[in-house]
Novice: 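This is the structure, below, for whatever I ask next.
In what follows, every chain begins at residue 1, and chains take the letters A, B, ... in the order their sequences are listed. It should be emphasised that the depicted structure is a prediction, and the values quoted were computed from it without experimental measurement.
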2 protein chains.
Amino acid sequence: MVYDKENFKNITIKDVAKRAEVSIATVSRILNGKDRVSPLLAERVLLAVKELQYQPNDVARALKIKESRSIGLIIPDIENPFFPALVRGVQDAAKIHNYAVILCNTDGKTEEEKKYIQFLYSKRVDGIAFTESVDNKKNIALLDSLGIPVVLLDRRVEGMKASGVSTDNRLGAFMATQHLIEKGKQRIGFISGSPKLSSGADRASGYQDALLHYSIQYDKKLVFIGAFTYESGYAAVENLLLSRHQFDAIFAANDIMAIGAIECLNRYGIRVPEDVAVVGFDDIRLATWYKPLLTTIRQPVYEMGQYAIKLLVEHITGERSCPYEKIFAPELMIRQSSGGLEESK
Amino acid sequence: MVYDKENFKNITIKDVAKRAEVSIATVSRILNGKDRVSPLLAERVLLAVKELQYQPNDVARALKIKESRSIGLIIPDIENPFFPALVRGVQDAAKIHNYAVILCNTDGKTEEEKKYIQFLYSKRVDGIAFTESVDNKKNIALLDSLGIPVVLLDRRVEGMKASGVSTDNRLGAFMATQHLIEKGKQRIGFISGSPKLSSGADRASGYQDALLHYSIQYDKKLVFIGAFTYESGYAAVENLLLSRHQFDAIFAANDIMAIGAIECLNRYGIRVPEDVAVVGFDDIRLATWYKPLLTTIRQPVYEMGQYAIKLLVEHITGERSCPYEKIFAPELMIRQSSGGLEESK
DNA sequence: GTGAAAGCGCTAACAC
DNA sequence: GTGTTAGCGCTTTCAC
């Protein structure tokens with residue numbers, strides 16, 4: 001199988017026109033169903049299309065109408081268990097609107113993000129769905145100067161410079177902490193995500209809100225800054241253990257860190273949930289496969305991906321002109337790692 | 001932020017030419033570095049490019065040179081834990097060669113695959129990396145007739161109609177079964193994947209090979225056809241249990257089914273690995289997070305994705321004209337679910 | 001309602 | 001070396 005381009009008779013609109021004995025303008029009109037055309041010609045054209053197996057060249061179309069029917073999706077890493085569902089939501093929604101999704105992994109590097117934005121711009125994507133790694137607004141500004149519609153994924157938008165889709169992280173963290181408190185826990189450790197991200201900062205706020213609300217002293221010795229990774233969750237607990245500060249619960253700002261935390265606790269012979277209760281955040285699939293089943297805050301990730309594209313398309317078509325922020329409600333999923341549904345002891 | 005296309009002065013090669021006081025041909029030459037140009041003009045052009053922040057329009061370029069610098073990636077479902085690493089490998093390799101990756105999820109439906117192939121063709125992708133859901137050759141033939149280079153992912157290629165990248169599934173299954181046998185197991189249940197897929201069929205063969213090699217009677221009552229899903233793994237074991245046939249081990253054709261199997265065993269109070277040893281296939285990340293840690297056959301999934309793009313690019317550039325089959329070696333990862341490294345009892 | 005023709009932004013002969 | 005120009009395949013005025 002030699003892929004010699006020349007061997008493949010690229011059927012163009014011209015071929016169809018010739019076969020149907022009409023002008024190329026007529027073919028175009030019929031295929032796009034815009035102007036009115038006589039049914040007679042339409043029939044002839046459609047027949048020719050079928051006979052020749054004609055597939056319009058979207059590249060040429062894109063050049064002409066300045067609309068590529070493709071969008072960029074920039075995320076840190078598809079291997080991070082948080083993203084597959086998000087990506088799937090994006091892709092499913094994009095498919096409905098007939099957009100191609102170009103996937104980009106940045107590993108959370110601002111420089112990579114910038115490169116990809118330029119790359120996507122050269123491809124003249126119609127819009128970009130973007131999970132920024134750092135909330136630095138620089139890349140948003142770049143996008144803005146390029147005139148590319150953006151929707152921020154899993155990020156709250158400071159100053160509403162762009163539309164965004166996220167979960168109410170602050171509320172979610174409040175609920176998680178509250179759950180632990182209602183379980184009778186008083187010394188609740190917190191493993192934060194990166195405070196540079198709105199998701200990280202908001203979850204930290206929610207944790208503090210809950211302590212305040214229940215009149216529990218905030219103790220910064222119980223707080224560690226993680227990086228949303230397994231390793232950072234593990235390390236945080238190890239540090240906590242070595243510091244010899246008492247604690248009876250851990251709230252980790254995402255599930256992977258929670259699992260890292262539990263692994264570390266187990267390693268030191270501490271039982272979850274008997275000795276220490278643990279709550280995570282995100283409700284990734286693993287949360288229900290891991291043992292103990294992980295109590296966590298569910299984000300409707302798939303729906304967030306879908307909604308982001310809905311918004312993005314509205315911006316692309318001009319249906320919506322002002323930035324809009326969609327915030328989904330978090331949901332507490334009570335499972336084993338926090339002691340389940342039983343009463344506090 | 002109104003995305004009014006008109007507001008954004010689309011800088012074209014013409015603008016650059018005017019500013020640098022040269023012809024557009026010269027600009028093109030300099031940017032593509034093909035023909036020789038005088039350093040003087042080159043400098044002027046490069047300056048103009050920078051000043052105007054010119055970004056070439058790849059759509060126009062694609063139309064002209066008939067090369068879109070994009071490839072399609074068709075998989076069943078990015079939410080299936082097997083795929084993220086594969087996708088990442090594909091994307092990283094594509095990035096090196098400057099190709100955009102268009103992601104397509106088919107849920108394993110042949111009809112969806114066909115639609116996506118046509119969609120990608122209308123976008124004039126330069127090639128497609130494809131994880132077929134059913135080995136029916138029809139879509140491969142379609143691709144062939146369209147003149148689109150393909151590389152099959154995770155699929156062995158019957159009759160070498162296209163290039164493919166896979167793991168030696170038969171050998172892997174042999175190793176898994178052998179491991180169980182060496183652990184002293186004699187009645188080894190097998191949960192197959194879809195036999196319509198080469199990966200499913202080959203793993204079944206490997207299982208039989210091993211039994212034969214160790215002179216263990218093949219007992220079809222111990223064999224179930226699953227669907228590579230958690231549920232099918234669970235159901236298989238439940239059926240086995242209800243059938244009351246004795247068994248002391250389970251080899252599941254992928255990790256998710258193995259986990260489904262273990263969950264079911266636990267549900268019925270059967271301990272893994274004490275009562276029944278379990279081995280999976282793939283070595284997805286979850287295999288090392290699940291409890292018990294899953295003994296499994298590792299496929300170098302990320303590398304497979306990378307290699308597929310290497311092959312695909314070779315086909316696209318014409319460097320390689322004949323189909324080639326790359327087969328990676330499987331690796332046995334011994335962990336808890338099969339009783340670990342200790343001797344058989 | 002239909003066709004002729006211009007032109008989207010680029011590359012690559014082809015002249016000079 | 002450099003500029004002029006045709007044309008990739010399509011949509012869309014503009015005449016008729």
Side-chain angles (χ1 to χ4, degrees), chain A residues 5-6 8-46 48-49 52-70 121-126 146-147, chain B residues 5-6 8-46 48-49 52-70 121-126 146-147:
Chain A
K5 286 263 164 64
E6 313 312 316
F8 292 91
K9 56 307 120 132
N10 231 303
I11 308 294
T12 75
I13 197 170
K14 234 174 171 170
D15 301 315
V16 177
K18 196 183 292 175
R19 179 150 195 140
E21 294 178 301
V22 295
S23 72
I24 59 170
T26 300
V27 176
S28 174
R29 283 186 188 111
I30 289 167
L31 260 28
N32 293 307
K34 293 200 166 174
D35 293 305
R36 307 196 47 71
V37 283
S38 79
L40 178 72
L41 292 193
E43 199 179 338
R44 256 160 52 197
V45 167
L46 262 12
V49 164
L52 296 171
Q53 304 224 54
Y54 169 66
Q55 279 276 6
N57 183 328
D58 259 17
V59 176
R61 184 159 205 274
L63 177 61
K64 179 66 189 174
I65 69 176
K66 297 178 183 314
E67 191 186 304
S68 66
R69 286 260 146 199
S70 64
Y121 176 63
S122 75
K123 291 251 175 293
R124 295 300 188 273
V125 293
D126 299 328
L146 257 21
Chain B
K5 285 265 164 63
E6 313 313 316
F8 293 89
K9 55 311 121 128
N10 232 303
I11 309 294
T12 75
I13 196 170
K14 234 172 171 171
D15 301 315
V16 177
K18 197 184 291 174
R19 177 147 196 146
E21 295 179 302
V22 295
S23 72
I24 58 170
T26 300
V27 176
S28 175
R29 283 183 188 110
I30 289 166
L31 261 28
N32 294 306
K34 292 201 166 174
D35 294 305
R36 305 199 50 71
V37 283
S38 81
L40 178 72
L41 293 194
E43 200 180 337
R44 256 162 50 198
V45 167
L46 261 12
V49 165
L52 296 172
Q53 303 225 56
Y54 170 66
Q55 280 275 7
N57 183 329
D58 259 17
V59 176
R61 185 161 204 275
L63 177 61
K64 178 65 189 173
I65 70 176
K66 298 180 183 312
E67 190 185 304
S68 66
R69 286 259 145 200
S70 65
Y121 176 64
S122 74
K123 291 251 175 294
R124 294 302 188 272
V125 294
D126 298 328
L146 257 21

Novice: Please name all residues satisfying side-chain hydrogen bond (donor to acceptor under 3.5 Å, both in side chains) with A:S28, sequence neighbours left out, ordered by chain then number.
Specialist: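 By the side-chain hydrogen bond (donor to acceptor under 3.5 Å, both in side chains) rule, A:S28 matches A:N32.
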Novice: Evaluate side-chain contact (heavy atoms from CB on, under 4.5 Å) for B:V59 paired with A:K123, printing each intermediate quantity in order.
Specialist: CA-CA 6 Å; B:V59 176; A:K123 291 251 175 293; 5.9 Å; no
Novice: Looking at residues at least two apart in the chain, or sitting in another chain, which of them share a side-chain hydrogen bond (donor to acceptor under 3.5 Å, both in side chains) with B:R19?
Specialist: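 Scan of B:R19 (side-chain hydrogen bond (donor to acceptor under 3.5 Å, both in side chains), adjacent residues dropped) gives B:E51.
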Novice: To the nearest Å, give me how far apart CD1 (B:I11) and P (C:dG9) are.
Specialist: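 Checked: the CD1 to P distance equals 11 Å.
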Novice: Using whole Å, report how far CZ of A:R124 lies from C1' of C:dC10.
Specialist: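 A:R124 atom CZ is separated from C:dC10 atom C1' by 11 Å.
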Novice: Please check if the side chain of A:S70 supplies one atom and the backbone of A:V125 the other of a donor-acceptor pair under 3.5 Å.
Specialist: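 Not a single qualifying donor-acceptor pair exists.
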Novice: Kindly point out which of C:dA4, C:dG1, D:dG1 is positioned nearest to the side chain of A:S23?
Specialist: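 Among C:dA4, C:dG1, D:dG1, the one nearest the side chain of A:S23 is C:dA4.
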Novice: What's the CG-P distance between A:L63 and C:dG7, to the nearest Å?
Specialist: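 Value for this atom pair: 14 Å.
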Novice: At what distance, to the nearest 0.5 angstrom, does OH of A:Y121 lie from CG of B:D58?
Specialist: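 Answer rounded to 0.5 Å: 11.5 Å.
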Novice: What is the bend of the helix from C:dG1-D:dC16 to C:dC16-D:dG1 when you compare the axis at one end with the axis at the other, using five pairs each and rounding to 10°?
Specialist: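 Answer rounded to 10°: the end axes differ by 40°.
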Novice: Quick one: pull up CG in A:L63 and CG in B:N57 and give me the separation to the nearest 0.5 Å.
Specialist: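 Reported to 0.5 Å precision, the distance equals 6.5 Å.
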Novice: Between A:S38 and C:dT2, is there a contact of a side-chain N or O with OP1 or OP2 at under 4.0 Å?
Specialist: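 Yes, such a contact exists.
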Novice: Mind running a 4.0 Å heavy-atom check of residues 24-33 of chain A against DNA chain D and sending the residues that fall below it, in number order?
Specialist: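 A:I24, A:A25, A:S28, A:R29, A:N32, in order of number.
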Novice: side-chain contact (heavy atoms from CB on, under 4.5 Å) between A:V22 and A:V27: does it pass, once the steps are laid out?
Specialist: CA-CA 7 Å; A:V22 295; A:V27 176; 3.7 Å; yes
Novice: Any side-chain to backbone donor/acceptor pair from B:S122 onto A:Q55? Under 3.5 Å, distance only.
Specialist: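 Such a contact is absent between B:S122 side chain and A:Q55 backbone.
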Novice: Can you tell me the distance, in whole Å, between the NZ atom of B:K64 and the P atom of C:dC8?
Specialist: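 So the two atoms are 15 Å apart, to the nearest Å.
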Novice: Starting from C1' on C:dA12, measure out to CD on B:E67 and report it in whole angstrom.
Specialist: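 In whole Å, C:dA12 C1' lies 14 Å from B:E67 CD.
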Novice: Looking only at side-chain atoms of B:K66, point me to the closest of D:dG9, C:dG9, C:dG1.
Specialist: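 Given the options D:dG9, C:dG9, C:dG1, the side chain of B:K66 is closest to D:dG9.
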Novice: For DNA chain D, which residues in residues 53-61 of chain B have a heavy atom at a distance below 4.0 Å?
Specialist: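 Nucleic-acid contacts, sorted: none.
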Novice: Distance check needed: D:dC8 P versus A:N10 CG, whole Å only.
Specialist: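 Taking CG of A:N10 and P of D:dC8, I get 11 Å after rounding.
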Novice: Rounded off to whole Å, could you give me the CZ-to-P distance for the A:R69 and C:dC8 pair?
Specialist: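 Whole-Å distance recorded here is 22 Å.
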Novice: Counting only heavy atoms and a strict 4.0 angstrom limit, can you tell me which residues of residues 14-22 of chain B come near DNA chain C?
Specialist: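 DNA chain C contact set from residues 14-22 of chain B: none.
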Novice: Please report the interatomic distance CD(A:E43) to CD1(A:I30), rounded to the nearest 0.5 Å.
Specialist: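 One finds 10.5 Å between CD of A:E43 and CD1 of A:I30.
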Novice: Looking for any heavy atom pair under 4.0 Å, which part of the strands does A:I65 touch: base, sugar-phosphate only, or nothing?
Specialist: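 Sugar-phosphate contact only.
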Novice: Could you tell me whether a side-chain N or O of A:D126 sits under 3.5 Å from a main-chain N or O of A:R69, the two making a donor and an acceptor?
Specialist: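 Yes, the answer is positive, given that a donor and an acceptor are paired below the 3.5 Å cut-off.
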Novice: If only atom types and distance count, is the side chain of B:R44 paired as donor or acceptor with the main-chain N or O of B:A20 below 3.5 Å?
Specialist: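 Side chain of B:R44 to backbone of B:A20: a pair is present.
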Novice: For side-chain contact (heavy atoms from CB on, under 4.5 Å), just list the numbers for B:R29 and B:V45, CA-CA rounded to whole Å, side-chain angles, deciding distance to a tenth of an Å, and then say yes or no.
Specialist: CA-CA 10 Å; B:R29 283 183 188 110; B:V45 167; over 6 Å; no
Novice: Provide, to the nearest angstrom, the distance between the CG atom belonging to B:D35 and the C1' atom belonging to D:dG3.
Specialist: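 That distance rounds to 13 Å.
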Novice: Would you indicate which nucleotide in C:dG9, C:dA12, D:dG1 comes nearest to any side-chain atom of B:T12?
Specialist: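 The listed nucleotide nearest to B:T12's side chain is C:dG9.
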Novice: What distance separates A:E21 CD from A:L41 CG, expressed to the nearest 0.5 Å?
Specialist: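 One gets 10.5 Å once the value is rounded to the nearest 0.5 Å.
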Novice: A:L31 and side chain to side chain contact (heavy atoms under 4.5 Å, CB included): which partner among A:L46, A:V16, A:T26?
Specialist: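 In the set A:L46, A:V16, A:T26, the residue that makes a side chain to side chain contact (heavy atoms under 4.5 Å, CB included) with A:L31 is A:L46.
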